[in-house]
K.L.:
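Here's a structure for you.
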Amino acid sequence: MKKIPVLLMGCGGVGRHLLQHIVSCRSLHAKMGVHIRVIGVCDSKSLVAPMDVLKEELNDELLSEVCLIKSTGSALSKLGALEKGGYRVVHDSELSTETEEIAKLLGKSTGLAVVDCSASMETIEILMKAVDLGCCIVLANKKPVTSTLEHYDKLALHPRFIRHESTVGAGLPVIASLNRIISSGDPVHRIVGSLSGTLGYVMSELEDGKPLSQVVQAAKKLGYTEPDPRDDLGGMDVARKGLILARLLGKRIIMDSIKIESLYPEEMGPGLMSVDDFLHNGIVKLDQNIEERVKKASSKGCVLRYVCVIEGSSVQVGIREVSKDSPLGRLRGSDNIVEIYSRCYKEQPLVIQGAGAGNDTTAAGVLADIIDLQDLFH
């Protein structure tokens with residue numbers, strides 16, 4: 001049985017679902033000759049690990065307990081009572097040091113997959129050290145690969161040792177498909193994508209004549225948006241995904257060089273207007289302008305989509321008019337879609353479409369990335 005030791009950073013929605021998938025897929029992975037050995041799980045303040053990470057692992061019963069505790073919003077420190085049962089819980093100031101020690105111990109011996117399912121910038125330092133120690137890196141967290149070029153170059157130094165499919169399109173095979181095209185020597189000259197399930201839903205609902213304010217409020221009630229919908233409407237999440245794809249193409253760009261169209265003006269930003277005020281008073285003022293843009297597009301046989309366009313050295317994020325009959329124009333609901341244009345896919349692009357959000361889907365993509373690294377382990 002090939003064993004893959006895993007250290008998980010971040011056990012919020014995606015991390016919890018990943019642990020659940022690992023437990024539920026034991027028999028499937030056994031048939032494949034693979035066993036995922038979870039040797040550490042940490043949140044922002046605590047780490048739970050077996051006493052001997054070389055020989056022991058966190059059993060499935062404990063992993064289920066971790067999922068239960070985190071689903072209630074509690075910290076991993078609640079597992080402190082289990083220290084007598086062969087497990088230990090490390091807290092606060094010792095967390096980073098202990099995580100690094102585990103990576104050092106396993107990275108040079110059995111190998112280790114450091115999995116980042118957080119949404120934090122604070123994991124970058126640990127990831128940099130893990131790379132130096134020969135560990136594999138699996139990311140759902142976009143921030144490490146959209147940080148400085150120095151950080152990105154280090155993470156991408158050994159392409160076989162890093163997987164981050166779930167940073168773009170959740171479980172959709174966008175990065176894998178793009179890498180196959182690049183590896184074949186087929187030059188990619190344009191990528192167009194609707195990369196936000198939230199904004200995809202908003203744009204498709206606007207076609208029916210509904211005002212923007214009504215659509216955003218409905219999306220929030222359905223759980224499609226962040227607690228503050230402006231986190232979606234600002235376009236930063238789409239820009240991060242665009243930056244990841246652009247860097248895969250070899251573009252030496254940073255976030256500041258991306259042109260981003262926000263759906264709300266600066267004077268309605270989080271620092272100047274509360275969420276409630278924005279939803280009940282602010283966004284209503286944006287309805288007329290969007291309605292006029294919808295009608296103008298419709299008169300040309302087009303619809304509006306919030307897209308990321310990567311072409312040449314340029315990455316642009318914002319609203320575009322697209323033909324109703326195009327793959328982007330036919331997009332409905334919260335699906336993601338990516339069109340890749342290359343020499344081989346010149347007239348008819350390679351189109352990848354499907355659910356591009358959700359903890360379950362994202363976690364499934366992370367698990368597939370971990371399994372894809374199996375050849376690097378004994």
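This is a predicted model, so every value here is computed, not measured.
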K.L.:
Determine yes or no for a side-chain-to-main-chain donor-acceptor pair under 3.5 angstrom, with Lys143 supplying the side chain and Ala119 the backbone.
P.N.:
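Such a contact is found between Lys143 side chain and Ala119 backbone.
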
K.L.:
OH of Tyr152: more than 12 outside heavy atoms within 6.0 angstrom?
P.N.:
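Counting other residues, nucleotides and ligands, OH of Tyr152 exceeds 12 neighbours.
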
K.L.:
Quick one: do Lys295 and Glu292 make a salt bridge, cutoff under 4.0 Å?
P.N.:
no

K.L.:
Any side chain to side chain donor-acceptor pair (under 3.5 Å) pairs touching residues 258-280, not counting sequence neighbours?
P.N.:
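Qualifying pairs, neighbours excluded: Glu261-Arg293, Asp277-Asn281.
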
K.L.:
Do side-chain atoms of Ser194 reach the backbone of Ile337 as a donor and acceptor pair under 3.5 angstrom?
P.N.:
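It does not hold such a pair.
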
K.L.:
Which class fits the ring pair Tyr201 and Tyr224: parallel under 30°, tilted 30 to 60°, perpendicular over 60°?
P.N.:
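If you compare the ring of Tyr201 with that of Tyr224, the planes turn out perpendicular.
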
K.L.:
Could you note down all residue pairs passing ring-ring contact (aromatic ring centres under 6.0 Å, His included) where residues 21-56 supplies at least one of them, sequence neighbours left out?
P.N.:
none

K.L.:
More than 12 non-hydrogen atoms from neighbouring residues, nucleotides or ligands closer than 6.0 Å to CD on Glu125, yes or no?
P.N.:
no

K.L.:
If a pair satisfies side chain to side chain donor-acceptor pair (under 3.5 Å) and one of its residues is in residues 1-16, list it, with sequence neighbours excluded.
P.N.:
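Every candidate side chain to side chain donor-acceptor pair (under 3.5 Å) pair involving residues 1-16 fails, so no pair, neighbours aside, qualifies.
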
K.L.:
How long is the gap from CD1 on Ile319 to CG on Leu304, to the nearest 0.5 Å?
P.N.:
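Going from CD1 on Ile319 over to CG on Leu304, the span is 6.0 Å.
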
K.L.:
Using atom types as modelled, flag every donor-acceptor pair under 3.5 Å from a side chain in residues 4-14 to any protein atom, sequence neighbours excluded.
P.N.:
none

K.L.:
Just distance, no hydrogens or angles: give the donor-acceptor pairs under 3.5 Å from side chains in residues 327-336, sequence neighbours left out.
P.N.:
from	atom 1	to	atom 2	distance (Å)
Arg330	NH1	Asp325	O	2.1
Arg332	NH1	Ser204	O	3.0
Arg332	NH1	Glu207	OE1	3.4
Arg332	NH2	Asp208	OD2	3.4

K.L.:
Using 0.5 Å steps for rounding, measure from the CG atom of Leu155 to the CD1 atom of Ile162.
P.N.:
4.5 Å

K.L.:
Between atom CZ of Arg252 and atom CZ of Arg247, what is the distance when rounded to the nearest 0.5 Å?
P.N.:
8.0 Å

K.L.:
Just by distance, do the side chain of Thr362 and the backbone of Gly358 share a donor-acceptor pair under 3.5 Å?
P.N.:
yes

K.L.:
Which residue pairs satisfy the ring-ring contact (aromatic ring centres under 6.0 Å, His included) criterion with at least one member in residues 52-72, sequence neighbours excluded?
P.N.:
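Listed by first then second residue: nothing to list.
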
K.L.:
May I ask you to decide if Asp369's main-chain N or O and Glu165's side chain share a donor-acceptor pair within less than 3.5 Å?
P.N.:
no

K.L.:
Do the charged groups of Lys154 and Asp132 touch, with an N to O distance under 4.0 Å?
P.N.:
yes

